[in-house]
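Nothing here was measured: the structure is a model prediction, and the numbers come from that model. Counting starts at 1 for both ligands and their atoms, following the listed order.
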Amino acid sequence: MPVLLITGGSRGIGAALAIAAAREGYDVALTYASDRASADAVVAKIAALGRTAVAIEADVAREADVVRAFAEVDRRFGSLDAVVINAGITGTFTRVDTLDVAMLERVLAVNVTGAFMTAREAVRRLSTAHGGRGGAIVVISSRAATLGSPGEYVHYAASKAAVDTLVRGLSKEIAREGVRVNGVQPGLIDTEIHARAGRPERVAQIAPNVPMGRAGTAEEVAQSVLWLLSPLASYVTGAILEVGGGR
Ligand code: NAP
């Protein structure tokens, strides 16, 4: 069975992806930062589908945690086929002129450094240049990277622009090593991320301004990721797919 590692698979887009991937026949390793109960619930749902899942507590901003998470996947599954770099935070809502540097540094550590460290460990296992048998990587970016998110979180938008560049550069770097690397830019998606950043009303407020007139679901993002991971996307690498209802 193919094995998929998802960072931040306990809630939201990562959790929806973990369950959708299990339905497609993947065994799944998912990491989480602190919400063990949610991670365990995802593992139980996957077990009920007849697939194997393991939840690993690992802060993607900590190199030792990322290295340990991949080592745990090696130990539990013995192989790896796909990695989705999904764990991310927005930080607080603020204009740049009131930016708190500690908050900025945490957002960059999780969203950018975390993505790079996860990508490094993934390449070391998937790339044929490292003895791997190839595979696929998907990085979850955001429409914010393109829109800039003025008045909300330019710092978050900039962190996602950085991961878009990771996709563009890494995809070319390892294009002949059997690994495809793509990005997904979700638009407004109805998950807990907005409430956790202090704006529980954000989805209802912004949804009418989305061209399709509604927020997207985590499941809709998950399906686009599964397509990018699948052989149906065998000639797609370095792409950044917009999943934003026109936003
Ligand atoms: P969410 O519902 O808040 O879930 C975030 C997930 O990431 C949780 O599993 C969380 O673990 C994990 N996580 C957070 N910080 C972590 C860390 N330092 N180390 C490891 N795991 C960590 O968020 P979401 O809406 O699903 O967002 C997922 C991704 O999509 C993020 O990269 C986000 O930027 C991006 N995105 C979201 C939207 C949207 O509108 N929702 C739009 C565009 C892009 P715990 O459960 O332990 O906290």
query = Is the backbone N or O of Ala87 less than 3.5 Å from a side-chain atom of Thr7, with the two atoms forming a donor-acceptor pair by type?
reply = yes

ask   = Side chains of Ser10 and Asp35: donor-acceptor distance under 3.5 Å anywhere?
value = no

message = Would Leu188 count as a polar contact of ligand 1, with the cut-off being nitrogen or oxygen pairs under 3.5 Å?
response = no

task = Determine whether any heavy atom of Arg106 lies closer than 4.0 Å to an atom of ligand 1.
result = yes

ask   = Any sub-3.5 Å donor-acceptor pair from Asn182's side-chain atoms to Val236's backbone N or O?
value = yes

task = Say whether Ile89, considering both its backbone and side-chain N or O atoms, lies within less than 3.5 Å of an N or O atom on ligand 1.
result = no

message = Show the atoms of ligand 1 that are less than 4.0 angstrom away from any heavy atom in Val110.
response = 18 (N)

query = Which ligand 1 atoms are under 4.0 Å away from a heavy-atom of Tyr156?
reply = 33 (C), 34 (O), 35 (C), 36 (N), 43 (C), 44 (C)

task = Measure Lys160 to ligand 1 on non-hydrogen atoms and call it side chain, backbone, both or neither using the 4.0 Å cut-off.
result = side chain

request  = Note the single closest protein heavy atom to atom 16 (C) of ligand 1, along with its residue, its atom name and the distance in Å.
outcome  = Ala33 CB, 3.6 Å

note = Applied to residues 170-187, the salt bridge (charged side-chain N to carboxylate O under 4.0 Å, His left out) test, sequence neighbours excluded, yields none

ask   = Can a non-hydrogen atom of Ala58 be found less than 4.0 Å from any atom of ligand 1?
value = yes

key: Taking every non-hydrogen atom, the tightest pair across Val163 and Ala115   = CG1-CB, 3.8 Å

query = Which of the atoms of ligand 1 are close to Asp59, meaning less than 4.0 Å from one of its heavy atoms?
reply = 17 (C), 18 (N), 19 (N)

query = Any donor and acceptor pair, going by atom type alone, linking the side chain of His155 with main-chain N or O of Thr90 inside 3.5 Å?
reply = yes

ask   = Which residues satisfy the side-chain contact (heavy atoms from CB on, under 4.5 Å) test with Leu108, sequence neighbours excluded?
value = Leu104, Val112, Ser159

query = Can you list the ligand 1 atoms lying under 4.0 Å from a non-hydrogen atom of Asp35?
reply = 45 (P), 46 (O), 47 (O)

key: Top protein contact for atom 27 (O) of ligand 1, by heavy-atom distance   = Ile193 CD1, 3.8 Å

ask   = Under 3.5 Å, is there a donor-acceptor pair between the Thr146 and Gln185 side chains?
value = yes

query = Does the N or O separation between Ser34 and ligand 1 drop below 3.5 Å for any pair?
reply = yes

query = Between His194 and ligand 1, which part of the residue brings a heavy atom under 4.0 Å of the ligand: side chain, backbone, both or neither?
reply = side chain

task = Decide whether an N or O pair under 3.5 Å exists between Thr191 and ligand 1.
result = yes

request  = With heavy atoms of Ser10 as the reference, note each atom of ligand 1 found under 4.0 Å away.
outcome  = 8 (C), 9 (O), 10 (C), 11 (O), 45 (P), 46 (O), 47 (O)

task = Can you sort out which atoms of ligand 1 are near Gly8, meaning under 4.0 Å from one of its heavy atoms?
result = 6 (C), 7 (O), 9 (O), 12 (C)

request  = Would you check the N or O atoms of Tyr32, main chain and side chain alike, for any that come under 3.5 Å of an N or O of ligand 1?
outcome  = no

query = Considering only heavy atoms, does Ala39 approach ligand 1 within less than 4.0 Å through its side chain, its backbone, both, or neither?
reply = neither

message = Under 4.0 Å between a side-chain nitrogen and a carboxylate oxygen: does that hold for Glu152 and Arg199?
response = yes

task = Considering heavy atoms of the protein only, find what lies nearest to atom 26 (O) of ligand 1 and give residue, atom and distance to 0.1 Å.
result = Ile13 N, 2.8 Å

remark   = Nearest non-hydrogen protein atom to atom 38 (C) of ligand 1, with distance, is Gly187 O, 3.9 Å

Val138 and Leu229: CA distance, side-chain angles, deciding distance, side-chain contact (heavy atoms from CB on, under 4.5 Å) verdict = CA-CA 7 Å; Val138 170; Leu229 293 178; 3.6 Å; yes

query = What do you reckon, does Thr31 have a nitrogen or oxygen under 3.5 Å from a nitrogen or oxygen of ligand 1?
reply = no

query = Taking 4.0 angstrom as the limit, do Arg125 and Glu121 come out as a salt bridge?
reply = yes

remark   = Residue, atom and distance of the protein heavy atom nearest atom 44 (C) of ligand 1 read Ser141 O, 3.1 Å

inquiry  = I'd like to know if the side chain of Ser141 and the backbone of Gly183 have a donor-acceptor N/O pair within less than 3.5 Å.
reply    = no

query = What atoms of ligand 1 come closer than 4.0 angstrom to any heavy atom of Gly9?
reply = 9 (O)

Atoms of ligand 1, numbered as shown, that sit under 4.0 Å from any heavy atom of Ser142 = 43 (C), 44 (C)

key: Flag, side chain of Thr128 to backbone of Arg133, donor-acceptor distance under 3.5 Å   = no

query = For ligand 1, is any non-hydrogen atom under 4.0 Å from Ile189's backbone (N, CA, C, O), its side chain (CB onward), both, or neither?
reply = both

ask   = Roughly how far, to the nearest 0.5 Å, is the OG1 atom of Thr118 from the CD1 atom of Ile85?
value = 5.5 Å

task = Decide, yes or no, whether a salt bridge links Asp65 with Arg68 under the criterion of side-chain N to carboxylate O below 4.0 Å.
result = yes

Residue, atom name and distance, where the atom is the protein heavy atom closest to atom 31 (C) of ligand 1 = Asn86 O, 3.2 Å

inquiry  = Starting from atom 5 (C) of ligand 1, what is the nearest protein heavy atom, named by residue and atom, and what distance separates them?
reply    = Arg11 NH2, 4.0 Å

task = Could you tell me whether Glu57 and Arg36 make a salt bridge, using a distance below 4.0 angstrom between a side-chain N and a carboxylate O?
result = no

key: Protein heavy-atom partner closest to atom 30 (O) of ligand 1 - residue, atom, separation in Å   = Ile140 CG2, 3.3 Å

